[in-house]
Structure formats: C-alpha cells, structure tokens
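Take a look at the structure set out below.
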2 protein chains.
Amino acid sequence: MIRELPSLVIPGVTIDVLKASCATCSMHQLCLPMGLDDKDMERLDQIIGRRRKVARGANLFRIGDTFQNLYAIRLGHFKTCQVSQDGVEQITGFQMAGELLGMDAISTDLHHCTAVALEDSEVCEIPFSTLQQLLGDMPTLLRHFHRMMSQEITREQSVMLLLGNMQATQRFAAFLVNLSSRYEARGYSPNTFQLRMSREEIGNYLGLTIESISRLLSRFKKEALLRVSNREIEMLDPPRLKAVAAGSQTCN
Amino acid sequence: MIRELPSLVIPGVTIDVLKASCATCSMHQLCLPMGLDDKDMERLDQIIGRRRKVARGANLFRIGDTFQNLYAIRLGHFKTCQVSQDGVEQITGFQMAGELLGMDAISTDLHHCTAVALEDSEVCEIPFSTLQQLLGDMPTLLRHFHRMMSQEITREQSVMLLLGNMQATQRFAAFLVNLSSRYEARGYSPNTFQLRMSREEIGNYLGLTIESISRLLSRFKKEALLRVSNREIEMLDPPRLKAVAAGSQTCN
DNA sequence: CGGGTGTTTGACTTCAGTCAAGTTGTGTGG
DNA sequence: CCACACAACTTGACTGAAGTCAAACACCCG
C-alpha cells in the first residue's frame, strides 16, 4: 500500500496512501487533537492530508520552500536548522513524535528552517489553509493550536537562556534532562534512551564543539552521572544531573 | 482624565480611561489590526480594554502572573526577561511600539517572562479570551495573529543563531542592524537612534559582559563604523556594519 | 576485512570573562 | 546652581573556559 506518487517525488519522502487517523494515533493526547471530542476529532481527521514517510537524512522541507503544510510527527525524530548569512548551520531544535513542524513559516509563507529526519520517520501533512478554516469554528482546536505555538515560543526562550548564560556543563546537563522529560511524557523510560543525533549535532545545538560534548560525556561518566555506550544513555543519578542543569551543583 | 483606579493599583502602572483606538493609532499597520477593513477594525477596537501607562522601570507583568491579557505597545520600549533556576536573569527580547507582549503565556495561562518598561510607555490591554472569540469569526485577524506569533518564533530562532555561533563582534553588529531596521519600519531614521537599554542589558541579551559591549563600542568608533555619544548611536557606514553582522567582514 | 565516518583524548591557543581602577554622567538636596 | 553621591560606563591587565588542531581509536557497513 506504499508507493511513490510520480507527481511528487522528493528524495527519501514516500507517500502512504493509507489515511492517518488521529483517534487511533498514540500521540493524540500530546498532538494537535488534544482535548477534542470524538466529533471534532473526526472533523480534524478529514482535513489531514497524506501520511508521509521520511527516510533518515531526508529533508521534509527546506529554508525558502513555500509554506503549505504543517507536519505532525507520528513517529521518529527530526532536527530543524537555520543557516546564517555566512553559511554556518545552527540547529534550532530536535523534535519528536507528537510535535508540530513548520510553525515558523506562517509569518511569511516561506519556511525559515530546514527539517531533516534523524531516523526513518513518519509525519501527518496538515494543509494550513484548510486548518485555518477549521480553527474558525472549533474553539477547542483553536485554543490548543495557540497553546502549541506559544509552547514553541517558550521552548525557544529557554534555549536562549541556555545559550546566553549557562556554562558548557550546565547546558549539556539541561539538554539531557529535557530529553528525559520528553521521553517520559511519551511513556518511555526517562532514564534510559537512545540519542538520535550525533555528538556534532548536539554540540551545534548547544553552541559547543563536538570535542566539548565528547569531553562532557566522559566527565559525566567518570562522575557516575551517566552510563554511556555509543548513543545509548543511562542516567545513573537523575537528581544530581538535574542539580547540575539547574546550576546548583558545580560538578568538578 | 488619568487616574489610578483604586481596585487595581500596580506600582508605576496607571490606567488611562480614554479608550484606545486602532484606527487612529500610528502603529496600526504593524500591529494586530494590520490589514483589517474599517468594520473589522471597529470590532477589534471594541474588545480592546484600557490603555495603560507604564512608568520606566515598572513591570507590566511578571513571571508566574496569571495570563489574562496580551499587550500591544503603543509607545515606548520594553524588555522581557527570564530567570534561570539559579537566579540568573536572561533578557529574551527588546520590544518597541507595534509589537505584542505576552504570547508566551498562552501555553500555560501563566507568564513565562517579566516585561519591564525601559522608558515611560503606553500599552493597549487585549483580553485574550475575548480576542479568541473574535478570532473565530474574523479570518483576516486570525491570519494576522498567527503571523505575529510565527514572527516571534522566527525572531527567537535568529537569536538562537546569534547566541549559538556568532562571535562577539558579529553579535553586536547584528543587534545594531536589527534595531536599525525596526526603527526604519516605524518611520524613524535607520541610522541615528537612541539606545533605550543600558550596556549591561545589551550584554545580557547578547550573552556577553558589559565590558565586552563597551570595548566593542570603542572599537566600532575607532573603525569609523559608529559615532557614539552615551546612548545616542549614529551608524556611519551601514553597509560595512551589515557586512560585519553577516560575518563577511572581520573588522580587526 | 578494510575503509570511512564518528568519537575520544591530549596539547596548545584564543576569545571573552574577571577583577580592578578610573572616568563620566545623572539626579537630588542644600 | 552647585556639590555630592551613586550609577553607568570605559579601559587595562590578567585568567580561564572552551575552541582549534592533531592524532589515535572504535564502530558500522558493505
């Protein structure tokens, strides 16, 4: 039931003709349909477009693409990155299932960042103009959509805090604690998880170099804060890690 | 016509009982009513609450306050700041006339930052629950509101870029270029303006120290990029300053 | 099994921070 | 209007956290 639609071939992006359904999606308590009753959820389902598979490394959209759809992540992980005028890339976020991609494009109808799948992933395509019509007569959906946009603003403000006045150690601890709580919210173990991004990507996101990330991992390992094996992370002492993230524990 | 309402005394915040009017406000082409026809603008006007004067240094709202209103700046300048767990303050933005304050509070109904007036200022109070009803049947307003939220997301992403991988020189040049373009959009001179914030506040925003800002100002002065007199800035060579901001000019 | 990418570790460098002293500006009360 | 006090800013000397460069090592995949 999966085929490449010849009219819309994007490398690594295939289109699943099975319609997505919010009601049966495990993410519906975190995603756009949160709090909707069955009738409203049905209406939302009807406007949601194709389900797309995005292969690891493939772009879902790129800076400068015209904006048509928001994307809800069903499965997998993405990174979003900006490029400065001198061509340097900055990762602005890592997104996981239940999160929405593309909200920064609403302002100008052009995407301001590129979204790349960190592993084979699946998204629901949400045509924005149709969504907007629906928002007009579904106050619950409108409210939740605003919450999601606002949440994105809040998230970015906390990254500004992190980049603006935290030390490397604190940044990295905060990063791990943040991932942990997001996995927990999705029903996964908060203490053991797989990093979906490379050391280089973590460093880029945190405003640090790959070497610094590597050294920090080694230090946290030595301090018995973490067990690390490649991209597998186990938090051995979450309270202390949180204290390091909060800046109340120096961690020599 | 200006009096302190005894029921709502906030230090430095007085309430002007004259109703605000979007139609006569010089900011209506940048602010929420952008693009509305006369009839719709009238409807928006009717839901807009009091006009408030906020004295220099006074808080419009604080972290943790319950969210009731968005605020549109009619006049003056604000800063918004976050506080990290260890009590360090991070300025997340400087806002000027025509910009909206409080959008980060929608997600949890609590303000996530504190807004402080940098000079005597005036804002329009926009009760959010009333606004939301209006958004339901004014698609043009809905669209523009989404654009403004999205713009805030984009703005923050570009600050992340700045904090994440620009050098001090580049950060500061980018900051000045950004201010310049915002003054230009408001019909003021893009090349001569008054800084409304202290060196310390600039440093905090840019993730640098007050000493670094001072040294950068001196260097830009010596390089004939700026004329500086206290908080008065004159850009002597905007193209070169833009080149420094873009990272294409090193500026020894 | 070999090649390439991704990661770790060490030695050295540098940019921006810290500390300290001095200067200029501002606002208040005599 | 001046004098004083305090805040804001500037400048210099020194320090240190994180970056750069380089080499070695580990893991993955054909």
Side-chain angles (χ1 to χ4, degrees), chain A residues 55-57 79 86 88-91 116 118-120 162-175 194-223 226-233 244 247 250-252, chain B residues 55-57 79 88-91 116 118-120 162-176 194-223 226-233 244 247 250-252:
Chain A
R56 179 191 164 130
K79 67 172 176 182
D86 46 329
V88 187
E89 193 175 290
Q90 166 75 34
I91 296 174
V116 184
L118 294 174
E119 60 187 326
D120 291 352
L162 180 145
L163 292 172
N165 58 42
M166 287 186 188
Q167 308 274 24
T169 316
Q170 209 180 338
R171 289 187 201 183
F172 186 56
F175 169 74
Q194 197 78 26
L195 296 173
R196 317 297 160 129
M197 63 296 282
S198 68
R199 309 282 194 262
E200 180 154 31
E201 287 165 331
I202 298 172
N204 182 306
Y205 177 63
L206 297 177
L208 300 169
T209 57
I210 180 174
E211 292 95 331
S212 293
I213 300 301
S214 190
R215 282 185 241 273
L216 285 164
L217 275 168
S218 302
R219 199 158 96 221
F220 284 5
K221 222 172 356 181
K222 204 163 60 188
E223 300 260 335
L226 296 179
R227 214 183 43 70
V228 183
S229 156
N230 304 323
R231 294 191 174 185
E232 176 88 18
I233 295 285
V244 173
T250 323
C251 172
N252 32 293
Chain B
R56 178 191 164 133
K79 67 172 175 182
V88 187
E89 194 176 290
Q90 166 75 35
I91 296 175
V116 184
L118 294 174
E119 60 187 327
D120 292 352
L162 179 145
L163 292 172
N165 59 42
M166 288 187 189
Q167 308 274 22
T169 316
Q170 208 181 340
R171 289 186 200 184
F172 186 55
F175 169 73
L176 293 171
Q194 197 79 27
L195 296 173
R196 317 297 161 129
M197 63 296 283
S198 68
R199 310 282 195 262
E200 181 155 31
E201 286 165 332
I202 299 171
N204 182 304
Y205 177 62
L206 297 177
L208 300 170
T209 57
I210 180 174
E211 292 95 329
S212 294
I213 300 301
S214 191
R215 283 185 242 271
L216 285 165
L217 274 167
S218 301
R219 200 159 95 219
F220 284 5
K221 222 172 357 182
K222 204 163 60 188
E223 300 260 336
L226 296 179
R227 213 180 46 68
V228 183
S229 156
N230 303 322
R231 293 191 176 184
E232 176 87 19
I233 295 284
V244 174
T250 322
C251 172
N252 32 292

Practice problem: For A:R56, look at atom CZ and say whether over 12 heavy atoms of other residues, nucleotides or ligands are found less than 6.0 Å away. | Solution: no
Quiz item: Whole-Å distance between C:dT26 C1' and B:R231 CZ?
Solution: 11 Å
Quiz item: Side chain of A:S218: nearest nucleotide among C:dC15, C:dA11, C:dT8?
Solution: C:dT8
Self-check item: Stepwise side-chain contact (heavy atoms from CB on, under 4.5 Å) check, A:V244 with A:E223
Solution: CA-CA 12 Å; A:V244 173; A:E223 300 260 335; over 6 Å; no
Self-check item: Where chain A begins and ends its contact with DNA chain D, read 5' to 3' at 4.0 Å from heavy atoms
Solution: D:dA17 to D:dC28
Practice problem: Respond yes when some side-chain nitrogen or oxygen of B:T209 is under 4.0 Å from OP1 or OP2 of C:dA16, and no when none is. | Solution: no
Quiz item: Which part of the nucleic acid, if any, lies within reach of B:G203 when heavy atoms closer than 4.0 Å are counted: base, sugar-phosphate only, or nothing?
Solution: nothing
Quiz item: Once you round it to whole Å, what is the distance between P of C:dG10 and CZ of A:R215?
Solution: 9 Å
Practice problem: Using the side chain to side chain contact (heavy atoms under 4.5 Å, CB included) rule, pick out the option among B:T169, B:I202, B:L206 that qualifies with B:L216. | Solution: B:T169
Exercise. Rounded to the nearest angstrom, tell me the gap between atom CG in B:L206 and atom C1' in C:dG17.
Key: 15 Å
Quiz item: A:R199 has a side chain; which of C:dA11, C:dT7, C:dT18 sits nearest to it?
Solution: C:dT7
Quiz item: Given B:L163 and B:R171, is the side-chain contact (heavy atoms from CB on, under 4.5 Å) satisfied, shown in steps?
Solution: CA-CA 8 Å; B:L163 292 172; B:R171 289 186 200 184; 4.0 Å; yes
Quiz item: With sugar-phosphate meaning primed atoms plus P, OP1 and OP2, does A:S214 contact a base, only sugar-phosphate, or nothing at under 4.0 Å between heavy atoms?
Solution: base
Self-check item: Over all atoms of both residues, closest heavy-atom pair of B:M166 and B:A174
Solution: SD-CB, 4.4 Å
Quiz item: Which comes earlier along DNA chain D counting from the 5' end, the contact point of A:L208 or that of B:N230, where each point is its nearest nucleotide?
Solution: B:N230
Quiz item: Tell me the salt bridge (charged side-chain N to carboxylate O under 4.0 Å, His left out) pairs involving residues 195-204 of chain A, sequence neighbours left out?
Solution: A:K79-A:E201, A:E119-A:R196
Practice problem: Any chance you could measure B:I210, atom CD1, to B:R215, atom CZ, to the nearest 0.5 Å? | Solution: 11.0 Å
Quiz item: Whole Å only: how far is the CG atom of A:L118 from the P atom of C:dG6?
Solution: 13 Å
Quiz item: When rounded to the nearest 0.5 angstrom, what distance separates CZ in B:F175 from CG in B:L208?
Solution: 11.0 Å
Quiz prompt | Contact under 4.0 Å: B:Q167 side-chain N or O vs C:dA16 OP1/OP2 | solution = yes
Practice problem: Calculate the interatomic distance between B:Q170 atom CD and C:dC15 atom P; express it in whole Å. | Solution: 14 Å
Exercise. Quick one: pull up CD in B:Q90 and CG in A:N165 and give me the separation to the nearest 0.5 Å.
Key: 4.5 Å
Quiz item: To the nearest angstrom, how far is A:R219 atom CZ from C:dT8 atom C1'?
Solution: 15 Å
Self-check item: Nearest-angstrom distance from the residue atom NZ of A:K221 to C1' of C:dT8
Solution: 9 Å
Practice problem: Would you kindly compare A:T169 and A:E211 by the position of their nearest DNA chain D nucleotide and give the one closer to the 5′ end? | Solution: A:T169
Quiz item: Taking atom CD1 of A:I233 and atom CG of A:L195, what is their separation to the nearest 0.5 Å?
Solution: 4.5 Å
Quiz prompt | Integer-rounded Å distance: C:dG25 P and B:E232 CD | solution = 14 Å
Quiz item: Quantified as the angle between the terminal helix axes (five pairs each), what is the overall bend of the helix from C:dC1-D:dG30 to C:dG30-D:dC1 to 10 degrees?
Solution: 50°
Quiz item: C:dA16, C:dG17, C:dT8: which one has an atom nearest the side-chain heavy atoms of A:I210?
Solution: C:dT8
